[in-house]
Amino acid sequence: MTSKHAWKIELIPWDYSSPEQVQRMYDQRVACGWRADEVPSWVESAKKGGRTFYWALFSDSLPDREKLIKQHIEAYPKESTPLRDTATQVRLVPRQPTMVEFTPIGHVAVDVHTPEEDTRLGLPPTGTVWVHGLYISRALHGGGYGAGTMSKIEKLVTQSPMNANLVALDTISKELQTEPGKRDLLYGDGGLPAPVVASEDWYGRLGYEVFRREDNVFVTIAKRGFRIPVSIVYLKKSVA
C-alpha cells in the first residue's frame, strides 16, 4: 500500500561521478552518524552496476517547501549549494539527466544481493531487492518524509530493470535503541540524538515484518570507549 506521504517526496539518482555529489553523500552520512567512511566503496560499487543511491527531495507541490529547505540548510549549512541532476546511468542503464537543480534532504540506496546470500537468509533466490542506508535530515523528522521516501523507492524497484517482488532490509535491533543502559551509551551527550521510535518498530509501521535476527554481527565504539556488540534484525515486505 502506498504511503499517504509519498506525494511529498521525489527521487533523483546519485551521480557517483560528480565530486559535488560524492561530497554531499559524505556530508549526509556524517550527519547520519553511520558509514561515512564507506562512501568511496559505494562509488566503486555503482560503477559496476551495484548499490545505487537516490537523493530524496521535496516535491514541488509540497506546501512550505522553500521554508522546509531553509530549515534543513540552517541545520546543515554545508548543504546550502543546490546540486544538479547529472546522472547519466542507473545500474549501467543509460538515462537522460534533466540538469534540474535540487536540494536533497536525504537519500536511500537499493541493491540486489547474490542468490546465495538471499537463500542463506531464507529469501527467494531471485526477485528480492534490498534497501540500504535510508537517511532523512534530522531537522525534518516527523513530517512523513522518511515514509514517503520508502514508498517511492518501493514503487521504483518494482519497475525495470530491478523488477522486485520483495523488498528486504536490515537495521539494528530495537533493544539497542530502547534498553536504557545501551541507549544511554549510544545516544545523547553531544552525540546523535536518540530516536523517538526504534528503527525496527518504525519499519514495522510501514508494513515490514521481521524474518530473521542475528546477534553480535559487529561491534561499535560508544561513549567513553565502551564496545557494544550490535545485533541485526532483517525485515521484508511484499511489493508484488
Side-chain angles (χ1 to χ4, degrees), residues 1-14 32 34-35 42 45-46 48-59 90-93 95 105-136 141-178 195-215 217 230-240:
M1 184 173 68
T2 301
S3 167
K4 66 180 180 180
H5 300 291
W7 67 275
K8 300 176 181 179
I9 293 293
E10 300 296 339
L11 301 176
I12 287 180
W14 177 48
C32 173
W34 292 87
R35 296 180 169 170
W42 297 341
S45 179
K48 300 171 185 176
R51 182 173 298 196
T52 302
F53 280 82
Y54 288 84
W55 296 114
L57 53 143
F58 288 132
S59 167
V90 177
R91 294 185 68 82
L92 305 183
V93 177
R95 71 179 288 270
I105 54 106
H107 57 262
V108 65
V110 293
D111 202 359
V112 176
H113 294 187
T114 66
E116 292 77 16
E117 289 178 282
D118 285 344
T119 54
R120 181 186 71 81
L121 294 172
L123 296 170
T126 60
T128 299
V129 171
W130 286 79
V131 170
H132 296 288
L134 173 66
Y135 166 74
I136 297 295
H141 282 192
Y145 311 124
T149 300
M150 288 298 295
S151 186
K152 282 296 178 74
I153 205 70
E154 289 163 6
K155 181 178 180 181
L156 185 148
V157 299
T158 65
Q159 302 166 3
S160 180
M162 304 193 86
N163 302 310
N165 297 313
L166 195 70
V167 171
L169 58 88
D170 60 64
T171 189
I172 61 176
S173 65
K174 64 181 177 182
E175 290 78 16
L176 282 173
Q177 297 178 320
T178 57
V196 175
V197 178
S199 300
E200 180 181 335
D201 291 338
W202 186 81
Y203 284 114
R205 295 178 182 180
L206 301 185
Y208 286 82
E209 59 177 321
V210 175
F211 68 91
R212 186 183 178 94
R213 296 179 186 272
E214 291 186 357
D215 294 329
V217 176
V230 176
S231 297
I232 295 295
V233 61
Y234 296 87
L235 303 99
K236 63 182 180 181
K237 178 180 180 179
S238 174
V239 292

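The shown structure was predicted, so the numbers you read here are calculated from the model rather than taken from an experiment. Basis for what follows: all heavy atoms, side chains included, without hydrogens, waters or symmetry-related copies.
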Go through the steps for S199 and K174 under the test side chain to side chain contact (heavy atoms under 4.5 Å, CB included), then give the verdict. CA-CA 7 Å; S199 300; K174 64 181 177 182; over 6 Å; no

Side chains of S151 and E154: donor-acceptor distance under 3.5 Å anywhere? no

Got L11 and I9 here, is their nearest side-chain heavy-atom distance under 4.5 Å? yes

Does the side chain of D118 come under 3.5 Å of the side chain of W130 through a donor N or O and an acceptor N or O? yes

Taking every heavy atom of H5 against every heavy atom of G144, the minimum-distance pair comes out as CB-O, 3.1 Å

Counting only heavy atoms not in R213, do more than 12 sit closer than 6.0 Å to its CZ atom? yes

Nearest heavy-atom contact between G146 and L134 is O-CD2, 4.4 Å

On a heavy-atom basis, the closest approach of V239 and A164 is CG2-O, 3.8 Å

Close aromatic pair by centroid cut-off 6.0 Å: W42 and F53: yes

When rounded to the nearest 0.5 angstrom, what is the spacing between OG in S173 and CD in E214? 11.5 Å

Please test N165 against T128 for side chain to side chain contact (heavy atoms under 4.5 Å, CB included), starting from the C-alpha separation and ending with a verdict. CA-CA 6 Å; N165 297 313; T128 299; over 6 Å; no

Matching residue for V129 among T158, L169, V112 - test: side chain to side chain contact (heavy atoms under 4.5 Å, CB included): V112

Working note: T171 + L235, criterion side chain to side chain contact (heavy atoms under 4.5 Å, CB included); need CA distance, chi angles, decisive distance, verdict. CA-CA 8 Å; T171 189; L235 303 99; 3.9 Å; yes

Over all atoms of both residues, closest heavy-atom pair of A56 and T149: CB-OG1, 3.6 Å

Of all heavy-atom pairs linking W202 and V197, the shortest is N-CG1, 3.8 Å

Closest non-hydrogen atom pair between L123 and A168, with its separation: CD1-CB, 4.1 Å

Would K237 and E209 satisfy salt bridge (charged side-chain N to carboxylate O under 4.0 Å, His left out), going step by step from the backbone distance to the final call? CA-CA 7 Å; K237 178 180 180 179; E209 59 177 321; over 6 Å; no

With a 3.5 Å distance limit and no angle check, can you tell me whether T52 reaches the backbone of G50 through a side-chain donor-acceptor pair? yes

Test salt bridge (charged side-chain N to carboxylate O under 4.0 Å, His left out) on K155 and E10 and set out the steps. CA-CA 12 Å; K155 181 178 180 181; E10 300 296 339; over 6 Å; no

Given the rule in the side chain to side chain contact (heavy atoms under 4.5 Å, CB included) test, do H113 and R120 qualify, once you have shown the distances and angles that lead to the verdict? CA-CA 11 Å; H113 294 187; R120 181 186 71 81; over 6 Å; no

Rounded to the nearest 0.5 Å, what separation is found between the OG atom of S231 and the CD atom of E200? 10.5 Å

Ring geometry between H107 and W55 (parallel below 30°, tilted from 30 to 60°, perpendicular above 60°): perpendicular

